[in-house]
Structures are given as structure tokens and as C-alpha cells.
S.K.: 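Provided herewith is a single structure, encoded as C-alpha cells, for subsequent inquiry.
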Amino acid sequence: MDTVPSPVGALTYRDATAADADALVALIESAYRGDSSRTGWTTEADLLEGQRIDREGVLAVVEAPRSRLLAVERDGGLIACCQLENRGHAAYFGMFAVAPGAQGGGLGRRIIAEAERRARADWAVGEMHMTVIAQREDLIAWYERRGYRRTGKRFPFPYGDERFGIPQRDDLEFELLVKPLT
């Protein structure tokens, strides 16, 4: 567990455990789905209904080899999380969620920088990869301002698998974003 000073209060980063699964599901859901997500800017509520993640999905990341789910706390409360997975030459960044009430103050920028630092230090990877719903232009622009670039490589959205939500449109797909870490 590491505590990092921050202008918005000290942030504590630790690897999530199975005991955190329910709290992580609630955090991720609050950042992306339903009315609570609309208080932040990361909502996908206009694109997808239903769940964003379930307990089994969180546990799969927590328990997978070469993977970690960073839990980020401030004043003892869970306020953010992100997935890091070692894929050899690159790390995959995903499941990034910041509590809606904590968005917009630079917290996300600090967390992604810490995730990149850990990927370099722990795994000596040269790149960070992520996939983002291609229709989320505002979110992609935010990542581009952090040094990520669009690759044009697209992946289909898993239509028909409600574990990932219920699409509200028929053109959803993911795009791979990449950032060099060297």
C-alpha cells in the first residue's frame, strides 16, 4: 500500500482483494451507469443500460495472474480504481472509475499517471494500451490530452452479452488507444 500526497488530499493506492469486490462493483456502476453516473462526466448511460460490471468480473481481474486492480482511497474511502494487466511488451489499462462526485478536479489525471508509473516500474513495459467505446469522443479526447493516440484499430462491442450492458444504439465498437511509456 502506497500513500501519495495530492492537492486533493492524500491518495492511498493498494491492490484490491476479493473482499473489495462489492464496493468496487458499486463504484464502477456509479461512474458509468444509471442516474448517479450523470453527476460525473464519464457516464455511458445514454449509450448503455444495465450493468457495467458484476462481482464475478471484478473477481476475475483481482485473481488473474499478471493482473491487478488498484483500489484508490482518500480518507479511508474508496474513490477510484483501475485495472492493470501485464501483456508482455505492454500493460493494459481498464476498468477505470472515479466516483462521480470526485470527477473534474484532476484526480483521474493523477491516478492514470500513477498507473503508468507502476506499469513501467513493476513490469518494465514500453506501452500502455486501452480500449474505449469509439463513440465516446469526449473521453477519447481526455486520453489524447494525456498522451494516448488513436490507432484506428476497432473491436466489436459484445452485443447480446448483457454482462457488459444493454446497448441503446447499434453502432457501438471499441477503439484501441496506445501510449508509449518510455
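The first residue in the sequence is number 1, and the count goes up from there.
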S.K.: Listed by chain and number, what are the ring-ring contact (aromatic ring centres under 6.0 Å, His included) partners of Y92, not counting sequence neighbours?
M.R.: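 Applying ring-ring contact (aromatic ring centres under 6.0 Å, His included) to Y92 gives none.
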S.K.: What distance do L59 atom CG and L24 atom CG have between them, rounded to the nearest 0.5 Å?
M.R.: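 If we round to the nearest 0.5 Å, L59:CG and L24:CG are 9.5 Å apart.
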S.K.: Output all residues satisfying salt bridge (charged side-chain N to carboxylate O under 4.0 Å, His left out) with D161, sequence neighbours left out; order by chain, then residue number.
M.R.: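 Applying salt bridge (charged side-chain N to carboxylate O under 4.0 Å, His left out) to D161 gives R163.
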S.K.: Does the side chain of M95 come within less than 4.5 Å of L84's, by heavy atoms?
M.R.: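 L84 does not reach M95 side chain to side chain.
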S.K.: Measure the shortest side-chain to side-chain distance between I112 and M130 over non-hydrogen atoms and say whether it is less than 4.5 angstrom.
M.R.: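 Yes, side chains in contact.
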S.K.: Using a 4.5 Å cut-off on heavy atoms from C-beta on, say whether the side chain of R120 contacts that of T182.
M.R.: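 Of all side-chain heavy-atom pairs linking R120 with T182, none is under 4.5 Å.
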S.K.: By ring-ring contact (aromatic ring centres under 6.0 Å, His included), which residues pair with Y159, not counting sequence neighbours?
M.R.: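 Result, ring-ring contact (aromatic ring centres under 6.0 Å, His included) vs Y159: F157.
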S.K.: Less than 4.5 Å apart, side chain to side chain, heavy atoms only: is that true for Y13 and I111?
M.R.: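 Side-chain contact under 4.5 Å: yes.
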S.K.: My understanding is that only residues two or more places apart in sequence, or in another chain, count here; which of them pass side chain to side chain donor-acceptor pair (under 3.5 Å) with R149?
M.R.: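 By the side chain to side chain donor-acceptor pair (under 3.5 Å) rule, R149 matches no residue at all.
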S.K.: L177 versus H129: any side-chain heavy-atom pair under 4.5 Å?
M.R.: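 Counting from C-beta outward, L177 and H129 never come under 4.5 Å.
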S.K.: Residues in side chain to side chain contact (heavy atoms under 4.5 Å, CB included) with V62, at least two apart?
M.R.: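 If we apply the side chain to side chain contact (heavy atoms under 4.5 Å, CB included) test to V62, skipping adjacent residues, the hits are A16, V58, L69.
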S.K.: How long is the straight-line distance from CZ of R87 back to CD of E85, given to the nearest 0.5 Å?
M.R.: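 The CD atom of E85 sits 4.0 Å away from the CZ atom of R87.
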S.K.: Considering only NZ, NE, NH1 and NH2 on the basic side and carboxylate oxygens on the acidic side, decide whether R117 and D122 come within less than 4.0 Å.
M.R.: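 No salt bridge links R117 with D122.
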S.K.: Would you say E127 and V125 make side-chain contact, with heavy atoms under 4.5 Å?
M.R.: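 In short, these two side chains do not touch, never coming nearer than 4.5 Å.
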S.K.: Would you say that R68 contacts L70 through its side chain, given a criterion of any heavy-atom pair below 4.5 Å between the two side chains?
M.R.: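 Heavy-atom side-chain distance check passes, below 4.5 Å.
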S.K.: Tell me the closest heavy-atom pair linking P180 and G147, and the distance in Å.
M.R.: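 For P180 and G147, the tightest heavy-atom pair comes out as CD-O, 4.5 Å.
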S.K.: Is it possible for you to check whether R146 lies under 6.0 Å from the centre of the six-membered ring of W142, through NZ or CZ, and within 45° of that ring's axis?
M.R.: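 Yes; both conditions hold, so R146 lies above the ring face of W142.
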S.K.: Test of understanding: with side chain to side chain contact (heavy atoms under 4.5 Å, CB included), list the residues that count as partners of A141, not counting sequence neighbours.
M.R.: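 So A141 forms a side chain to side chain contact (heavy atoms under 4.5 Å, CB included) with E144, R145.
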S.K.: Please examine the side chains of R55 and D22, heavy atoms only from C-beta on, and report whether any two atoms are closer than 4.5 Å.
M.R.: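 In contact.
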S.K.: What orientation do Y148 and Y143 show, parallel under 30°, tilted 30 to 60°, or perpendicular over 60°?
M.R.: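 Judged by the thresholds at 30° and 60°, the geometry between Y148 and Y143 is perpendicular.
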